[in-house]
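Chain letters run A, B, ... following the sequence lines, proteins first and then strands; every chain starts at 1.
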There are 2 protein chains.
Amino acid sequence: MSNISHPTDCSHRLRFRQVDYFCAMFSKTFGYALRAATFVAVHGKNGEKIGLQELSQSLDIPHHFLGKIMQDLVRHGILDSIKGPSGGFYANEQTAETPLIELLKITDGSLVFNQCALNIKRCNAEHPCPLHHDFASCRDGMLKAMSAKTIAVLAAEIEEGKSFLVR
Amino acid sequence: MSNISHPTDCSHRLRFRQVDYFCAMFSKTFGYALRAATFVAVHGKNGEKIGLQELSQSLDIPHHFLGKIMQDLVRHGILDSIKGPSGGFYANEQTAETPLIELLKITDGSLVFNQCALNIKRCNAEHPCPLHHDFASCRDGMLKAMSAKTIAVLAAEIEEGKSFLVR
DNA sequence: GGAGAAAAAGACTTTAAAATCTTTTATTAT
DNA sequence: ATAATAAAAGATTTTAAAGTCTTTTTCTCC
Ligand code: FES
Ligand code: FES
């Protein structure tokens, strides 16, 4: 019936979204932040410090880009850091208790869960776009999960081998 | 407990995602394509033609950008068009029956529903990231809805005043 | 206090999406 | 035929995210 495949010669046409950017509900920055914070929570208990080098290599995240993200987490008090030799990042009292939604607000801003799937001006149940009901329920499920889960929850899953931070 | 608000002076730091790009599950291109195709399905019955001018003004979409998107829909047979005075875009046999997922594949590619929320290499239930189960169910709900709904379904909703294509 | 290590900071580059602007082609009407 | 109109095509610019590179600051150890 309908042939969905792209015609082969696309050079003169609209360029399409590139493969690894598809369906990005969240920024890469958020993924990096979440994975790095969880890594520190898992491997940096009892004040053990994790260096940027180790973090970026273990998680396969660009070193300096991760550096900026980590700075930002430290500024927001999610983690602590110390400079100098034998310095690095380590968990503080707040780390484990941080809900994922807070990380998301830091990296992607506070309006993340208020946007219309079709980019209509405002997402609004009284003036819904055609995808609103489907999208809103999907989105609200994520919001609920990310409000309920903390870094400690993820760290526990990682330690039990139920989920993974890399590859 | 935790203070989520951004510190005020961000100038020297990471730049955050800008407001109207937050939480973009789909590209703007997809939103434009879906709204325009549905508009044509609603207002262009019986071979009535809709010009780019009217489309872009009615839907508040940049004229030439929409032009490229429409070209692409025509190329894929979702709509037909005719040049010249009294030309424009109009619905064909396929228009109404097109499932939304097909539009999405045209604008955002075919891998849209296979990406990990955290940008881990591959989304995989056997090797899940910490957000996999929450995200996969959300994503699968959208996939299901978008496979089931056609442009005709949206057009009917619009005509009944149950949903809206603009503002 | 000097050397080395590591985070912090800042400047810069790259990439892709989105948007704009210009030219060409096809169609209609005079 | 010619002019007008509108889609098609294309080249170019803008914007934001992502990524890279360099310099500065802070800390440790000798
Ligand atoms: S209005 Fe579009 S998702 Fe809510
Ligand atoms: S592995 Fe991350 S969403 Fe599936």
Side-chain angles (χ1 to χ4, degrees), chain A residues 7 9-33 36 40 49-57 60-76 79-90 107-109 119, chain B residues 9-33 36 40 44 49-57 60-76 79-90 107-109 119:
Chain A
D9 175 22
C10 290
S11 54
H12 62 297
R13 300 213 302 276
L14 250 194
R15 273 228 251 354
F16 301 99
R17 297 184 107 191
Q18 291 308 298
V19 168
D20 68 341
Y21 287 84
F22 284 148
C23 197
M25 181 165 234
F26 310 121
S27 67
K28 282 196 177 185
T29 298
F30 169 71
Y32 292 161
V40 171
K49 279 160 271 170
I50 316 286
L52 252 190
Q53 197 74 40
E54 182 183 352
L55 263 181
S56 67
Q57 282 180 356
D60 194 27
I61 300 173
H63 181 98
H64 293 291
F65 191 45
L66 182 56
K68 291 183 181 307
I69 296 167
M70 296 305 284
Q71 274 173 47
D72 210 39
L73 299 186
V74 169
R75 248 183 249 115
H76 283 85
L79 294 167
D80 280 346
S81 68
I82 209 163
K83 291 184 180 181
S86 83
F89 300 91
Y90 57 97
T107 59
D108 291 13
N119 275 296
Chain B
D9 176 22
C10 291
S11 54
H12 63 295
R13 301 215 301 276
L14 252 194
R15 272 228 251 351
F16 301 99
R17 297 183 107 189
Q18 291 308 299
V19 168
D20 67 339
Y21 287 84
F22 283 150
C23 196
M25 181 163 233
F26 311 121
S27 68
K28 282 196 176 185
T29 299
F30 169 70
Y32 293 161
V40 171
K49 277 160 272 170
I50 316 287
L52 251 192
Q53 197 75 39
E54 182 183 353
L55 263 182
S56 67
Q57 281 178 358
D60 193 27
I61 299 173
H63 182 99
H64 293 292
F65 190 47
L66 182 55
K68 292 185 180 305
I69 296 167
M70 297 304 286
Q71 276 173 44
D72 209 39
L73 298 186
V74 169
R75 249 183 249 114
H76 282 84
L79 294 167
D80 279 347
S81 69
I82 209 162
K83 291 183 180 181
S86 84
F89 301 91
Y90 57 98
T107 60
D108 291 13
N119 275 295

Residues at least two apart in sequence or cross-chain that pass ring pair (Phe, Tyr, Trp, His ring centres under 6.0 Å) with A:F89, listed by chain then number, are none
If the condition is side-chain contact (heavy atoms from CB on, under 4.5 Å), which residues does A:A36 pass it with, not counting sequence neighbours? A:L55, A:L59, A:L66, A:M70
Using a heavy-atom cut-off of 4.0 Å across all strands, would you classify B:G67 as base, sugar-phosphate, or nothing? nothing
I'd like to check the side-chain contact (heavy atoms from CB on, under 4.5 Å) partners of B:P62; sequence neighbours left out, ordered by chain and number. B:Y32, B:F65
How close do A:A33 and A:L73 get, counting heavy atoms only, and between which atoms? O-CD1, 4.1 Å
Looking only at side-chain N and O atoms, does A:T29 come under 4.0 Å of OP1 or OP2 in D:dA18? yes
Please report the distance, rounded to the nearest Å, between NE2 in A:H64 and C1' in C:dT13. 14 Å
Nucleotide N/O of nucleotides 26-28 of chain C paired with protein N/O under 3.5 Å:
from	atom 1	to	atom 2	distance (Å)
C:dA26	O4'	B:K83	NZ	3.4

Specify the separation, in whole Å, of atom CD1 of B:I69 and atom C1' of D:dA8. 14 Å
Please check the phosphate of D:dA6 (OP1 and OP2 only) for any side-chain N or O of B:Q53 closer than 4.0 Å. no
Expressed in angstrom and rounded to an integer, what is the separation of A:Q71 atom CD from D:dT26 atom P? 13 Å
Roughly how many Å is it from CG in A:N119 to P in C:dA18, rounded to a whole number? 8 Å
Give a yes/no on whether any side-chain N or O of B:K28 is located under 4.0 angstrom from OP1 or OP2 of C:dA19. yes
Atom CD1 of A:I50 to atom C1' of C:dA6: distance rounded to whole Å? 14 Å
At less than 4.0 Å, is any side-chain N or O atom of B:S81 found next to OP1 or OP2 of D:dA6? Yes or no. no
Partner residues of B:E54 under the side-chain contact (heavy atoms from CB on, under 4.5 Å) criterion, sequence neighbours left out: B:F39, B:I50, B:S58
A:L52 CG to D:dT20 C1', in whole Å, measures 14 Å
Expressed as a whole number of angstroms, how long is the span from B:M70:CE to D:dG10:P? 19 Å
Provide, to the nearest angstrom, the distance between the CZ atom belonging to B:F65 and the P atom belonging to D:dT12. 19 Å
For the backbone of A:F26 and the side chain of A:D108, can you confirm whether one donor and one acceptor N or O come within less than 3.5 Å of each other? no
So, does B:R75 get its side chain near the phosphate of D:dA9, meaning an N or O under 4.0 Å from OP1 or OP2? yes
N/O donor-acceptor pair, side chain A:K68 with base D:dG19, under 3.5 angstrom: no
Any residue meeting side-chain contact (heavy atoms from CB on, under 4.5 Å) with B:H63, in chain and number order, not counting sequence neighbours: B:L52, B:Q53, B:S56
Can you check whether A:Y32 has a side-chain N or O nearer than 4.0 Å to OP1 or OP2 of D:dG19? yes
